[in-house]
Amino acid sequence: MNRFLVLFGIMLVISIGMIATATMQADFSLMDSKSTPLWLAAVAVAAYVAWRIDGVLKRRERRQDTSVGEGRRFLKTKVSPAQSARAARVAARRKKLIAEGKMEAEPEPVTEAESDEAPSTRVSQAAPIKDRMAARAERVRQAKEQGKL
């Protein structure tokens, strides 16, 4: 009930704000006796929207697994049984192909360490233009040496 009341209050503020904006553009006063239906419409819309949102949130709570921590419920990924079965089949097939020699196990990627003998080719954006241009020329020279350009 508390959640409904909070949602109702928020929706009421939003709906009254929207109606007030529309009436100001139409040069109409919300305090006029003719605007009673507008107030009733704002309350009705706020109550209906809050009721629907509260219902959706209640259904989500009932459906969710209670084993997940309170703050991390929405982060839990649910793997379907078909998806986990397929992953197991793919893993078994991969092991079988590796054992038969038809497929190689994926080697660990080797990262190349940067050489420390070369000076830094990156300079700050606040550096003088001469330094930035010299660093750029050095990067171009290195790329040409490596065959990238």
Side-chain angles (χ1 to χ4, degrees), residues 1-95 97 103 105-116 118-144 146-149:
M1 188 65 174
N2 286 339
R3 179 174 48 202
F4 172 77
L5 292 176
V6 168
L7 288 169
F8 176 70
I10 292 169
M11 292 300 135
L12 186 62
V13 168
I14 291 172
S15 62
I16 288 175
M18 290 174 64
I19 289 176
T21 303
T23 56
M24 282 193 319
Q25 291 205 358
D27 289 333
F28 191 69
S29 173
L30 273 179
M31 299 304 157
D32 192 12
S33 63
K34 294 179 184 176
S35 67
T36 303
L38 293 176
W39 285 99
L40 292 175
V43 171
V45 166
Y48 177 73
V49 171
W51 175 67
R52 291 300 301 246
I53 292 173
D54 190 45
V56 167
L57 293 176
K58 280 181 185 176
R59 266 183 266 134
R60 280 188 185 171
E61 283 177 355
R62 275 187 259 137
R63 222 179 19 207
Q64 283 189 339
D65 188 12
T66 58
S67 66
V68 179
E70 183 67 28
R72 309 245 172 160
R73 264 193 284 201
F74 63 95
L75 295 177
K76 183 181 177 195
T77 58
K78 295 183 180 180
V79 178
S80 69
Q83 187 177 3
S84 59
R86 182 183 183 284
R89 283 193 316 268
V90 167
R93 179 81 172 145
R94 179 189 242 17
K95 286 180 185 177
L97 289 173
M103 185 176 174
E106 295 179 13
E108 293 294 321
V110 179
T111 58
E112 296 179 21
E114 292 185 24
S115 60
D116 290 334
S120 175
T121 59
R122 299 287 176 186
V123 293
S124 167
Q125 286 287 30
I129 190 72
K130 288 182 181 180
D131 294 343
R132 288 188 285 168
M133 293 303 291
R136 182 169 188 267
E138 180 63 24
R139 288 194 306 271
V140 168
R141 187 189 61 75
Q142 287 177 359
K144 284 182 182 177
Q146 295 172 359
K148 293 181 180 178
L149 288 180

Contacts of type side chain to side chain donor-acceptor pair (under 3.5 Å), residue [X], not counting sequence neighbours:
| X | result |
| --- | --- |
| Gln25 | none |
| Arg93 | none |
| Lys130 | none |
| Arg136 | none |

Arg86: what forms a salt bridge (charged side-chain N to carboxylate O under 4.0 Å, His left out) with it, not counting sequence neighbours? none
Please answer whether the main-chain N or O of Val123 pairs with a side-chain N or O of Arg132 as donor and acceptor at a distance below 3.5 Å. no
When the side chains of residues 35-42 are checked against the rest of the protein, which donor-acceptor pairs come out under 3.5 Å, sequence neighbours left out?
from: Ser35; atom 1: OG; to: Leu30; atom 2: O; distance (Å): 2.5
from: Ser35; atom 1: OG; to: Asp32; atom 2: O; distance (Å): 2.6
from: Thr36; atom 1: OG1; to: Ser33; atom 2: O; distance (Å): 3.0
from: Trp39; atom 1: NE1; to: Leu30; atom 2: O; distance (Å): 2.9

Under the side-chain contact (heavy atoms from CB on, under 4.5 Å) test, which residues partner [X], sequence neighbours left out?
| X | answer |
| --- | --- |
| Met18 | Ile14 |
| Val43 | Phe8, Leu12 |
| Val49 | Met11, Val45, Ile53 |
| Ala143 | Lys148, Leu149 |

Within 6.0 angstrom of Met133 CE, more than 12 heavy atoms from elsewhere: no
Tell me which pairs pass side-chain hydrogen bond (donor to acceptor under 3.5 Å, both in side chains) where either residue lies in residues 1-23, with sequence neighbours left out. Arg3-Asp54, Arg3-Glu61
Not counting sequence neighbours, list each pair that qualifies as a side-chain hydrogen bond (donor to acceptor under 3.5 Å, both in side chains) and has a residue in residues 42-53. Tyr48-Arg52
I'd like to know whether Glu138 forms a side chain to side chain contact (heavy atoms under 4.5 Å, CB included) with Arg141, so could you lay out the CA-CA distance, the side-chain angles of the two residues, the decisive distance to 0.1 Å, and finally the verdict. CA-CA 5 Å; Glu138 180 63 24; Arg141 187 189 61 75; 2.3 Å; yes
